[in-house]
Amino acid sequence: MTTEETVPYAPEHAPRLSWAQHAPEVYKAMLRLDTAARRGLDPRLLELVKIRASQLNHCAFCLDMHSKDALAAGESVERIIQLGAWEESRHFYTEKEAAALELTDAVTVLTDGFVPDEVYDHAAKHFEEAELAQLIAAITVINAWNRFGVSCRMVAGHYEAGQHQ
Amino acid sequence: MSRTEVLDREVGRALSALSAAAKRGLGDPALAELVVIRASQLNHCAFCLDMHLGIAREHGVSEKQLDLLAAWEEAEGVFDERERAALALTEAVTVLTEGFVPDDVWATAAEQFDDGQLAHLIGLVVAINNWNRVMVGRRIPPGGYRP
C-alpha cells in the first residue's frame, strides 16, 4: 500500500509593479486596443492565438486567463494542450487555424528575423484582407499583454473565466 | 503576393493613443526615442527605425548616441546610468521568448525610475513592440512617415 503525501507547492511570488494603477491612461488605451483588435475575428480562434503567443512569451498570468476563457467558451482540453506542439498536431486544428498559429509564431518571434513570405501567403489564403489585418492586430495585442504580465510578474492562478470580458 | 496595407482605423487610433499615453507619462522625449529605436533594432522594423531616427534627431539626440545605440552596453561614456537602465529593460521586455525579465535588470531600472515612470517606460516598450509587429507583419516599407 502506498501512502499519499501532500507535498506543498512553492510559495506564490508577489507582483513587481501594479502597472495599471501607475499608468491608468496606458491601461485604458490597452483596453481600447484589445476591443478594436478582436472585431471581426472568431472568438474561438482568438483564444487559441492568445494562448499560443502566451506560451512563446512565457506569460503565466496570460496562460491562466486565456486557457480558462477558452475552456469556458467550449474549447477542448486536447486542443489547448496540443498548442504547445501544434506543428506536430495539425490534425487537431482546421487549416485556417493552423495558418493563424503559424502567423502567430512568426509575428511573436520577430527578434529571430521577419515574417517569412510563405507564412504570410499561407495566412492570406485563409483570411481575407481585412480579417488578416485584424489577425495581425490581435497577435500584436496579446504580445502587448504578455509584455506587461511578464515584466511586472503578474501572478497566475486567480483569474476566473469571463472576469475581463 | 503583396502584403496588406490595411490597418483597421480604430486599431490604429488605439495604437497611437497607447504610444502617446506612455510617452507623456515618461516625460522624457529624448530617452523615449532611444528606447523606441533600440526595440525597433531588435525587432528589425525598417519603417519604425526610419521614422524614429528622424524624430530622435528632432529631439536633439546626438549622432554619437544613435550610431552606438546597437552596442550601447559596450559604448562606455556615451549613455548615462538612467539611459543604460532603460535600455537594459527595453531589451528584456522586447525579447521575452528567450525568458523573463531578470531581477537585476528590473532592480537597476527601479533604482533609476519611480513606479509611475517605470509603468510608463514598460508601456512605451510595449507600444513600440506593437508598432514593430504591425509594420513588420504587413511589411510596410520605410520612408512613409511624415512628421
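We use all heavy atoms of the structure for the numbers below, so side chains are in, but hydrogens, waters and symmetry mates are not. Here is how names work: the chains are called A, B, and so on, in the same order as the sequence lines, proteins then strands, and each is numbered from 1.
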Between atom CD of B:E58 and atom CD of B:E33, what is the distance when rounded to the nearest 0.5 Å?
8.5 Å

Name the region of B:R13, side chain, backbone, both or neither, that has any atom closer than 4.5 Å to a heavy atom of chain A.
both

Tell me, out of B:V134, B:N129, B:N132, B:L124, who's got the most heavy-atom pairs with chain A below 4.5 Å.
B:N129

Please round to the nearest 0.5 Å and tell me the distance separating atom CZ of A:R79 and atom OG of A:S76.
6.0 Å

When only pairs under 4.5 Å are counted, which of A:L17, A:N146, A:L56, A:V119 shares the most heavy-atom pairs with chain B?
A:L17

Residue B:Q41 versus chain A: region with a heavy atom under 4.5 Å:
neither

Do A:L45 and A:F127 have side chains that get closer than 4.5 Å, going by heavy atoms?
yes

Tell me, side chain or backbone of B:L89 under 4.5 Å from chain A's heavy atoms, or both, or neither?
neither

Measure from the side-chain N and O atoms of B:Q117 to the backbone N and O of B:D114, and report whether any donor-acceptor pair falls under 3.5 Å.
yes

Quick one: side chains of residues 95-109 of chain B, donor-acceptor pairs under 3.5 Å with protein atoms, not counting sequence neighbours, listed by atom name and distance.
unit_1: B:D103; atom_1: OD1; unit_2: A:R16; atom_2: NH2; d: 2.8
unit_1: B:T108; atom_1: OG1; unit_2: B:D104; atom_2: O; d: 2.8

So what's closer than 4.5 Å to chain B heavy atoms on A:N57: side chain, backbone, both or neither?
both

Is the cationic atom of B:R139 (NZ for Lys, CZ for Arg) positioned less than 6.0 Å from the six-membered ring centroid of A:Y120 and within 45 degrees of its normal?
no

With chain B as the partner, which of A:M30, A:E25, A:E129 has the greatest number of non-hydrogen pairs under 4.5 Å?
A:E129

Choice from A:T111, A:D34, A:L31 maximising heavy atom contacts with chain B below 4.5 Å:
A:T111

